[in-house]
Amino acid sequence: MAIREGVNETILTELILQGIRDFQDLQILFFLLLLVIYILTMTGNILIVGLVVSYGKLHTPMYFFLANLSCVETFYTSTILPKILISLLTGDLSISVCGCIAQFYFFSSLVVAECGLLAMMSYDRYIAICKPLHYANLMNDRLCFLMAAGSWINGFLAMSVMIYLMTRLTFCGPNEIEHFFCDFTPMARISCSESEKFELMGFIFSTIFILFPFLLTLTSYTLIIIAILRIQSTTGRQKAFSTCSSHLAVVTIYFAFYGTLIIVYLTPRTKTMRDLNKVFSLLYTVLPPLINPIVYSLRNKVVKDALMKVISKIVKG
Ligand SMILES: *[C@@H]1O[C@H](CO)[C@@H](O)[C@H](O)[C@H]1NC(C)=O
């Protein structure tokens, strides 16, 4: 990195989340907007976990994975939004290097876990629609548990390697992160040692852990759609479609989410791309965890019934 040669290489311990400054012009508006999004996301996802755990009819692989996804999403949202909210409230944009690395670790591990879970969910629907006779046999409790646990472990293990590499970087400035949380690219940009190797690792990791589950999900749903279109009777087709329509809705939303992730991580970094990245990242960061419970609770009859039962129980005391 030739440009850095003249720079005074003091090692930084504190960074500034410069990206939040862009929102400070409309500080109150952004604070309220993000606060509402945070509260709704937490409420919706915790509600789904609670419903699935406590309501017998929802003890199926599909809802198990859904609850797990909601679990990931409550944590995931909590790695990013509270820090932004506090910074907007206090005007203090600083974060320690350790805090920054920790934030990236949890955020990225949960993203990888989430991509894995989405692939598992699509596999579950694939078996249900394309191999219905083997469903009970294939998707047993043990396998579901292993698949979900595998997604979590995969995420945290993979990112531990990344973090090991990250802790070996020195951050020597400028101490400004051009983003509203500590994400990969903005952090790689301010490091002054071995950052090419690190960026290459980031590229390889995002290919393996984001693109691969994405292709798996895409394949499952392509096979599902082909299978549904092959069904001769209209009622049969409708029935098959209704068992996975909310899934398809969620997955379509996540396709947008994957798309932005891929754009953010795999595209070259020009000035316009950087500005676009900021908007994209805000979208992929805060919207999917909010939309997922809404789609499931509003579109899904079983979840709606469970919710109604709980509400009527509470009302009756
Ligand atoms: C999510 O999956 C893990 C690992 O399989 C499991 O221990 C946990 O209970 C699941 N959470 C929910 C809410 O289903």
Side-chain angles (χ1 to χ4, degrees), residues 38-81 105-128 135-161 209-210 212-214 216-217 220 243-244 246-247 249-251 253-254 257-258 288-311 313-314:
Y38 186 54
I39 291 172
L40 289 179
T41 305
M42 294 303 276
T43 316
N45 284 296
I46 290 172
L47 200 64
I48 286 198
V49 173
L51 282 178
V52 171
V53 168
S54 61
Y55 191 64
K57 253 195 193 160
L58 299 179
H59 288 168
T60 66
M62 181 172 136
Y63 293 107
F64 169 77
F65 286 125
L66 180 65
N68 238 292
L69 192 69
S70 286
C71 229
V72 169
E73 284 175 341
T74 49
F75 291 131
Y76 162 91
T77 312
S78 301
T79 60
I80 295 161
L81 276 181
Y105 178 56
F106 287 107
F107 163 76
S108 58
S109 303
L110 291 165
V111 168
V112 173
E114 177 153 354
C115 292
L117 276 176
L118 287 173
M120 301 301 162
M121 290 167 89
S122 71
Y123 177 73
D124 168 69
R125 287 300 86 200
Y126 164 72
I127 301 287
Y135 186 74
N137 212 352
L138 281 173
M139 299 302 294
N140 55 45
D141 287 356
R142 207 178 115 76
L143 183 68
C144 290
F145 179 81
L146 287 178
M147 280 162 80
S151 301
W152 288 83
I153 294 169
N154 178 41
F156 280 89
L157 269 188
M159 287 307 137
S160 299
V161 176
F209 295 105
I210 293 174
F212 182 65
F214 166 69
L216 218 66
T217 313
S220 300
T243 61
C244 64
S246 42
H247 253 260
V250 165
V251 164
I253 291 160
Y254 278 94
F257 161 74
Y258 273 125
L290 172 66
I291 292 169
N292 182 25
I294 294 177
V295 168
Y296 267 95
S297 46
L298 292 187
R299 289 183 49 96
N300 191 301
K301 192 169 174 310
V302 191
V303 174
K304 249 192 279 182
D305 287 351
L307 188 61
M308 283 308 153
K309 280 218 173 105
V310 170
I311 291 175
K313 231 183 233 171
I314 292 171

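Computed from a predicted structure; not experimentally measured. Counting starts at 1 for both ligands and their atoms, in listed order.
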Yes or no, since that's all I need: does a protein heavy atom fall within a distance strictly under 4.0 Å of atom 11 (N) of ligand 1?
yes

Considering heavy atoms of the protein only, find what lies nearest to atom 9 (O) of ligand 1 and give residue, atom and distance to 0.1 Å.
Phe64 CE1, 4.8 Å

Between Tyr123 and Tyr126, what is the ring plane arrangement, given parallel below 30°, perpendicular above 60°, and tilted in between?
tilted

Going from CG on Leu138 to SG on Cys144, what distance comes out if it is rounded to the nearest 0.5 angstrom?
10.5 Å

How long is the gap from CG on Leu47 to CG on Leu40, to the nearest 0.5 Å?
11.5 Å

So, is Ala149 polar-close to ligand 1, with some N/O to N/O distance under 3.5 Å?
yes

Using a 3.5 Å distance criterion without hydrogens, assess whether the side chain of Asn154 forms a donor-acceptor pair with backbone atoms of Gly150.
no

On a heavy-atom basis, the closest approach of Leu58 and Val52 is O-CG1, 3.8 Å

Nearest-neighbour protein heavy atom for atom 1 (C) of ligand 1, which is reported as residue plus atom name and distance
Asn68 ND2, 1.7 Å

Between ligand 1 and Phe145, is the shortest N or O to N or O distance under 3.5 Å?
yes

